[in-house]
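The analysis underlying the following values was restricted to heavy atoms, covering all of them including side chains, and did not include hydrogens, waters or symmetry mates. In what follows, chains are A, B, ... by sequence order, proteins preceding strands, each numbered from 1.
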Protein chains: 2
Amino acid sequence: MSTREQVLDAALRTLNADPTASLATIAEAAGVGRATLHRHFPGRDDLVRELGDRSLDRWEQTQDASGMADAIADGGAEAVTACLHSMFPRLVVDAEDHGFALTDSFLVCDPELAARTAALEEREVGLWRTAQAAGVVRPELPARWYLHAGYGLLVAARDALRAGDVARRDVADLVLDTLLHGIGTSTPTTTSTTTTPEGGAR
Amino acid sequence: MSTREQVLDAALRTLNADPTASLATIAEAAGVGRATLHRHFPGRDDLVRELGDRSLDRWEQTQDASGMADAIADGGAEAVTACLHSMFPRLVVDAEDHGFALTDSFLVCDPELAARTAALEEREVGLWRTAQAAGVVRPELPARWYLHAGYGLLVAARDALRAGDVARRDVADLVLDTLLHGIGTSTPTTTSTTTTPEGGAR
DNA sequence: TCCATATGAGACATCAATGTCTCATATGGA
DNA sequence: TCCATATGAGACATTGATGTCTCATATGGA
């Protein structure tokens, strides 16, 4: 492994644990001198930008590996469902590996990274729109909400894993199951909930 | 309003927008001198700790105002459901006002704040356990997951509002609806949840 | 062996944030 | 008016992170 990759891997691990870690800490974690780190990455911004790029690469790979493009092109319920079930387990892993990218703000600070992020988000919104058209998810809610809800549950998954509240083996199913079916026992549209006066209709 | 409260309010707003904002920025936002800020809060830690305390106060008030204790004592499905429907709209507002507390790490750094956080979390887990016993939420999933899922969706709500993707009027219903019923159209019945060959809308 | 390149150690300067200090001023009550 | 208190402005030192520099050393290929 090249020194450059050593540094990037160590930076990812270190910043994941503490987003405010200093370059000295990162260099030490990478087992290289501070000067060497500066030779490969002139400044902290360069290092962080590269990490952001890697995170977005990973996200893009996850979308590709899940067959998102094919599912959107296919448009059928089976294809969309298969895509979701392929994508979320990968996303859970991504959220753990690049967890800091979920919450940190550097993604929106750099214009180039922000543009890439927006493009990937748009791609996923396209999947959710297809899922609506295919009858897989409810059509009456804004598709963009599904994007946010999905990533909110990924944050939940990361936190739950960190707290040791759920088994790693179960967490991907838990996320997708909660996202698609919710945690309630009542059905959403049949006004079977006992107390809500206006029923479940929105 | 006392100077101390001026500073606290400005600090909340400023740190909410940028968690790395300097004390000079906060003082300026509060319309006070930097020395005055230091007179009320000897160091940054003191200020942040106070803000954390306030966030936890707010959370506690939300739990109280939602009748959580009564709902747990009652144990009935109606009481639990009413508590949830009262709590989440408040939590959405809390998440916006004290948003930075959702993700920042100072809550877990200070032992006292961490203890309060754990106590409030435990209280809410108690509500979820009651909800399971009352048949309001699915009993087969870990109650702690409901805690994480709920707060994950609050993060989603905050992000969606920031992005302008959902209307403020709708977001509380959206969160609770998504949490309880999910976004899918298929019923989460006891049979296989992996692939729904039918998948059609009801 | 010889040499180009990468590295480690560390000195050094810079910068922003922080914390402490003094002093002049304003405010409000006795 | 007189005084205690709070404040604003700003000087000052400290600290940690950052970025640049030099020099000795190691490594690997020609």
ask   = What is the base-pairing partner of dA24(C), counting Watson-Crick and G-U wobble geometry with both distances under 3.5 Å?
value = dT7(D)
Watson-Crick/G-U partner (both atom distances under 3.5 Å) of dG29(C) = dC2(D)
task = Write down the distance between CD (E28(B)) and C1' (dG8(D)), rounded to a whole number of angstrom.
result = 14 Å
inquiry  = Whole angstroms only, please: what is the CD1-P distance between I26(B) and dA17(C)?
reply    = 11 Å
ask   = Salt bridge or not for D46(B) and R49(B), using N-O below 4.0 Å?
value = yes
ask   = Can you tell me the Watson-Crick or wobble partner of dT14(D), both distances under 3.5 angstrom?
value = dA17(C)
L47(B) CG to dG19(C) P, straight-line distance once rounded to whole Å = 10 Å
key: Residue closer to the 5' end of DNA chain C, H40(A) versus D45(B) (nearest nucleotide)   = H40(A)
ask   = Where along residues 15-25 of chain B does a heavy atom come under 4.0 Å from DNA chain C, residue by residue in number order?
value = S22(B), L23(B)
query = When rounded to the nearest 0.5 angstrom, what is the spacing between CE in M87(B) and CG in D94(B)?
reply = 10.5 Å
ask   = Are R54(A) and D9(A) close enough for a salt bridge, meaning some N to O gap below 4.0 Å?
value = yes
message = Please determine whether a side-chain nitrogen or oxygen atom of T3(B) lies at a distance below 4.0 Å from atom OP1 or OP2 of dT7(D).
response = yes
query = Does R116(B) come within less than 4.0 Å of E60(B), counting only side-chain N to carboxylate O?
reply = yes
ask   = Can a salt bridge be assigned to the pair R90(B) and D97(B) using a cut-off of 4.0 Å between side-chain N and carboxylate O?
value = no
message = Expressed as a whole number of angstroms, how long is the span from L37(A):CG to dT18(D):P?
response = 10 Å
Between dT7(D) (P) and F41(B) (CZ): distance, integer Å = 11 Å
inquiry  = Between dG19(D) and R34(A), counting only base atoms on the nucleotide and side-chain atoms on the residue, is there a donor-acceptor pair under 3.5 Å?
reply    = yes
query = Is the backbone of E96(B) close enough, under 3.5 Å, to the side chain of N16(B) for a donor and an acceptor to pair up by distance?
reply = yes
ask   = Per the side-chain contact (heavy atoms from CB on, under 4.5 Å) rule, which among D165(A), D170(A), V175(A) passes with W145(B)?
value = V175(A)
task = Find the distance H38(B):NE2 to dA6(D):C1' and express it as a whole number of Å.
result = 17 Å
ask   = So, does the side chain of R39(B) form a donor-acceptor pair with the base of dG19(C) at under 3.5 Å?
value = no
